[in-house]
Structure formats: structure tokens, C-alpha cells
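To keep things clear, I will list the structure first and then write my remarks on it.
A note on names: the letters A, B, ... follow the listed sequences, proteins ahead of strands, and every chain is numbered from 1.
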Amino acid sequence: MAGRSLCLFLPLTLAGCGGGGAELAAVKSAHSLLAEWAAVEGMAAAGRVPATYADEMRQEARQGLASDRPALKNRDATAAVDAVLSASAVSEPQLKSAADMLDAIEKSLEDR
Amino acid sequence: MKIAELSLGILTAVGGFVDVSELVFMPQAGSRFGYALVWLVVLATIIIIVFGEMSGRTAAIGKQPLFNLMRHRLGLSFGLIVLIASLIANTIICAAEIGGVALILQLVSGLPFRLMAIAATLTFAASIWLLPFKWIERCYGLLGLFMIIFLVAIVAIHPPWHAIAGGLVPQVPAGLSHIDLIAFSYFAVALLSAVTFPYETCFYSSGGIEEDWGPKDLAVNRVTTIVGFGLGSLLALALMAGGAQLFGPAGISPEMPGTVALLAAVPFGKTGLLLALAGMFFAIAGAAIETCLANAYSVGQFFGWRWGRSQAPREAPRFTLSWLAFFAAALAIVMTGAEPVQLAEFAVVASVLVLPFTYLPLLLIAGDRQLMGEHVNGMVSRTLGWGFFVLICIAALAALPLFVLTRGGQL
């Protein structure tokens with residue numbers, strides 16, 4: 001009986017975690033990546049982290065955002081991420097503002 | 001001499017306590033739930049102390065390696081299933097550790113990730129081949145003490161100590177949404193798994209047999225597990241507190257392992273960051289070696305081969321080939337481009353599923369008066385052991401559904 005319940009539960013769970021869950025997961029990830037990148041830019045501007053570290057973190061953040069991008073459906077979210085990805089250099093305030101926007105979108109998706 | 005040996009053992013246990021999964025999950029848990037999971041880290045530490053002590057005692061008195069016990073107590077067929085599951089879980093953990101080390105090397109050098117992964121794996125293999133067992137454990141464990149920078153950093157940023165102390169009370173934060181409640185449960189299971197990885201007891205007890213422990217070593221075993229693991233958990237708690245203090249308010253739920261080093265850069269700048277990266281490197285590297293050796297120990301013990309690093313590689317050829325093959329398998333996983341953070345997420349789930357089957361034979365043998373004599377489990381060990389075993393079974397049952405529901409902790 002317990003085994004049968006588990007067999008039913010898992011596919012239902014998987015189904016339940018489909019589209020909406022994927023979008024929320026991507027928004028959460030992009031939000032954190034933007035905030036992490038902003039923190040790195042802030043520390044780099046203050047000379048508190050080595051240049052190589054900052055460069056590698058920027059690159060990693062870009063890769064992470066690029067991988068989250070296809071799952072983003074909200075127009076504001078895609079615009080914020082696209083703006084960051086298309087710029088050759090991004091400042092801490094720009095990144096913070098993009099992170100704040102993703103934060104608001106994340107909260108609205110969670111409230112649904 | 002005895003005190004020096006004991007101190008070294010304790011420091012090694014402290015430096016080796018944290019691995020890539022704790023580096024991923026502790027700051028994330030702190031960022032998301034503040035100090036509400038402090039109690040769980042303390043509970044998980046008591047669990048690993050109880051089972052670590054038990055595994056050391058069975059090694060010293062029963063001279064029984066863990067996977068030999070497993071075959072005899074669970075039967076050949078079931079034992080083989082557990083062995084395979086355990087090998088898969090450990091190989092994923094090993095891959096996550098190699099990936100973590102490669103990322104740190106990349107952050108410091110700017111060289112390509114895959115090249116760093118190959119270099120790291122070759123270095124680990126050379127360490128096992130060239131260094132005596134005691135020094136493999138001690139080199140990486142002691143150098144992992146650079147992780148103490150996280151503890152110093154958290155003191156320097158003046159966290160709310162009363163809030164941390166409040167986290168010692170078992171709790172579920174009030175007002176969590178449905179999604180957050182599921183995520184909280186997932187993090188509880190993940191942290192429990194990360195602190196009590198099954199390879200730890202396998203490696204620890206196999207090390208005891210390698211070093212020919214006997215009844216005279218029981219006191220050292222007890223003090224090392226209690227003090228070493230206890231102090232080690234402070235490093236894990238510092239990561240959680242750092243996440244709560246610095247990452248949560250900034251909206252960061254570390255997606256990149258390199259972000260964790262910022263916890264030390266905030267108060268101490270470049271020096272703090274480099275010390276943090278050094279500590280992370282050695283702690284994760286030590287764990288990579290331990291997981292790989294734990295796999296080779298498991299196979300050797302299960303099939304009754306000659307095993308152990310106290311023997312020259314040629315004297316135990318199948319054991320030697322095993323750990324080389326497991327390193328190769330873990331490296332192959334890393335070379336596919338799998339993210340270390342994702343691998344760590346898979347690893348905690350895979351490990352918690354195996355955990356009950358690793359601890360059950362240990363409980364049975366440590367409670368066997370015929371084999372253990374006067375060193376059989378006492379009232380406290382028996383009660384705690386079986387109580388924790390039930391808890392671990394519940395966590396194992398919940399792990400997979402929670403992993404799926406949270407999309408691997410992404411929600």
C-alpha cells in the first residue's frame with residue numbers, strides 16, 4: 001500500500017513541479033546570481049578582492065544567467081537579464097537594481 | 001607524545017569536518033532561514049559523533065571493517081545492493097568535491113575549469129600513492145584549518161548572538177509559505193545528510209583498522225569524535241551564520257561556491273578571501289580523497305580483498321586499481337560539465353538514502369556483547385543510536401519527494 005502510494009505520489013509531484021516551478025526556480029537563481037555579482041563588483045571596486053577572482057566570478061555569473069534566461073517568461077525579468085548580459089561592463093548599482101526587480105517578480109510568482 | 005597525537009587527531013577532525021556540501025548548504029540555509037536550522041546542525045553533529053565513536057570502537061575491538069559487517073549482517077544480495085548504492089553516492093560526492101576544488105583553483109589562477117579538475121585529480125592520486133595514510137589525513141585535515149577564518153570573520157562582524165542561541169531550540173519559523181515550508185524541510189534533510197555522509201564513518205573506521213587501533217585507543221577515539229567533530233561543527237555553523245548575516249539581507253542564496261569566500265572578504269579584504277579559498281581548497285580536497293578511498297575500502301572489505309593504504313600499492317593491487325578507477329569515474333562526471341553545486345545537491349539525497357543501511361550493521365555489531373565484550377554499546381549509546389536511526393530512516397523516506405518538490409532546492 002505504502003509502495004503504491006509512493007509510486008502515485010512521485011509522478012504527481014513531478015507533474016506538479018512543471019512549468020510554473022521551472023520559472024520560479026529560474027527567477028530565484030537569476031535573482032541570487034545578480035545579487036552575488038553585485039557584491040563582487042562592490043568588493044572589487046573597493047579593492048577588497050583580487051582581480052582574477054572578480055573576473056572569474058563575473059564570467060561564472062554571466063554563464064549562470066545565460067543558462068537561467070530561457071526559463072524566464074516575465075518580460076521585465078528577461079529585459080533586466082538581457083541588459084546585464086549584453087553590457088560589456090556592469091556596475092554594482094545596475095546589478096542591484098536588476099536584482100531588486102527580480103526580487104519583486106519572485107515575490108509575485110510565490111504569491112500566485 | 002600521547003597529548004600531541006590526540007591534539008593532532010582532534011585538529012585533523014576539525015579541519016576535515018567541512019566539505020563542499022556544507023559549503024553549499026550552510027550559507028544557503030542561513031541566507032534563507034536565518035538561524036532557524038542551527039538546532040539541526042547541532043543534532044546532526046551529535047548523530048555523527050555517536051556513530052563515528054561507534055565505528056571507531058568496533059574497529060578497535062571487533063577489528064571489523066564496516067562493509068564486511070554489512071555483508072554478514074544484511075546478507076550477500078542485500079549487502080551488494082547497499083554497496084552499489086553507496087558507491088554511486090560516494091562517487092557523486094567525490095565528483096562534487098573535485099569540481100569544487102577545480103572552481104577554487106580557477107578563481108585563483110584564471111585557468112580553465114576542466115584543466116584544473118584534471119590537475120586536482122592527478123594531485124589527489126599522487127597524494128594517496130606517495131603519502132603514508134596518517135599523513136594523507138593530516139596534511140589535508142590540518143591545512144583545512146584555514147577554514148577557521150570563517151569563524152573569525154563571523155565574530156568580527158558582530159552577529160546577534162542571542163538570535164544564534166535562539167536557533168538552538170528546535171523550531172519551524174512562523175509564517176512560512178507553502179513553498180518555503182517544503183524548502184525548509186528539504187534543507188533540514190540536506191543538512192542532516194551533509195553532516196552525516198556515510199563515507200565519513202567508513203573512512204574513519206577503516207582508518208582505525210589501518211592504524212591498528214586496540215582497546216588502548218578507545219579514549220582517543222571518544223575524545224577525537226566528541227571534541228573534533230564538535231569543534232568542526234562550529235565551522236559549519238559559522239558558514240550558516242555568515243549566510244544569515246551577510247547573504248540573506250543582500251538577497252544572495254549562493255549559487256556559486258566562490259561567493260562563500262566573500263564572507264571572509266567583508267571583514268578582512270583580500271587576505272581574508274585568500275585564506276578562505278585556501279581553507280576551502282584543503283577541506284574539499286581532503287574530502288575528495290576520503291570519499292574515493294572510502295569507496296575502495298568498501299569494495300575491498302565487501303569482497304574480502306587485501307585492502308588499505310598501509311600496504312604498498314602493489315601488495316593490494318585490486319584495492320589500488322579501485323581507488324584509481326573511482327577517481328577516474330568522478331573526474332569523468334566533472335568533465336561532462338555538471339555543476340559542483342548541482343552534484344552536491346544530488347549527493348546529499350543519494351547519501352541519505354544509503355545512510356540507514358550503513359548505520360544499521362554498525363548498531364547491530366556495536367550492540368553484540370559476544371564480539372564487543374565489555375565495550376558493547378551502553379545504555380546511552382544504544383538509546384541514542386536507535387533513536388537517531390529512526391530519525392535517519394524518516395529523513396531517508398522524505399528526501400526524494402522533497403528533492404523533487406523543491407526542484408533540487410531551487411524553489
Can you measure from CG (B:L411) to NZ (A:K28) and round to the nearest 0.5 angstrom? 7.0 Å
For a 4.5 angstrom cut-off between non-hydrogen side-chain atoms, does B:L274 reach A:Y53? no
Kindly compute the distance separating CD (A:E36) from CD1 (B:I252), expressed to the nearest 0.5 Å. 5.5 Å
Could you tell me whether the side chain of B:Q410 and the main chain of A:A26 form a donor-acceptor pair under 3.5 Å? no
Contact leader toward chain B among A:A35, A:A61, A:A54, A:A99, where contacts are heavy-atom pairs under 4.5 Å: A:A35
Counting only heavy atoms closer than 4.5 Å, note whether B:S109 contacts chain A via side chain, backbone, both or neither. backbone
So for B:L246, is it side chain, backbone, both, or neither that comes closer than 4.5 Å to the heavy atoms of chain A? neither
Can you tell me which portion of B:S253 sits under 4.5 Å from chain A's heavy atoms? Options are side chain, backbone, both or neither. both
Can you tell me how far the CE atom of B:M256 sits from the CD atom of A:E56, to the nearest 0.5 Å? 11.5 Å
Between the CD atom in A:E60 and the CD atom in B:E339, the distance rounded to the nearest 0.5 Å is 7.0 Å
Side chain, backbone, both or neither: which part of B:A265 has a non-hydrogen atom closer than 4.5 Å to chain A? both
Rounded to the nearest 0.5 Å, the CD1 atom of B:I179 sits from the CG atom of A:L24 at a distance of 5.5 Å
As an exercise, state the distance from CD of A:Q63 to CZ of B:F113, rounded to the nearest 0.5 Å. 10.0 Å
Are side-chain heavy atoms of A:S32 and B:Q28 found at a separation under 4.5 Å? no
List in chain and number order the residues that pass salt bridge (charged side-chain N to carboxylate O under 4.0 Å, His left out) with A:D82, two or more places apart in sequence or in another chain; answer none if no residue qualifies. A:R69
Write out, in numerical order, the residues from residues 38-51 of chain A with a heavy atom short of 4.5 Å from a heavy atom in chain B. A:A39, A:V40, A:M43, A:G47, A:R48, A:V49, A:P50
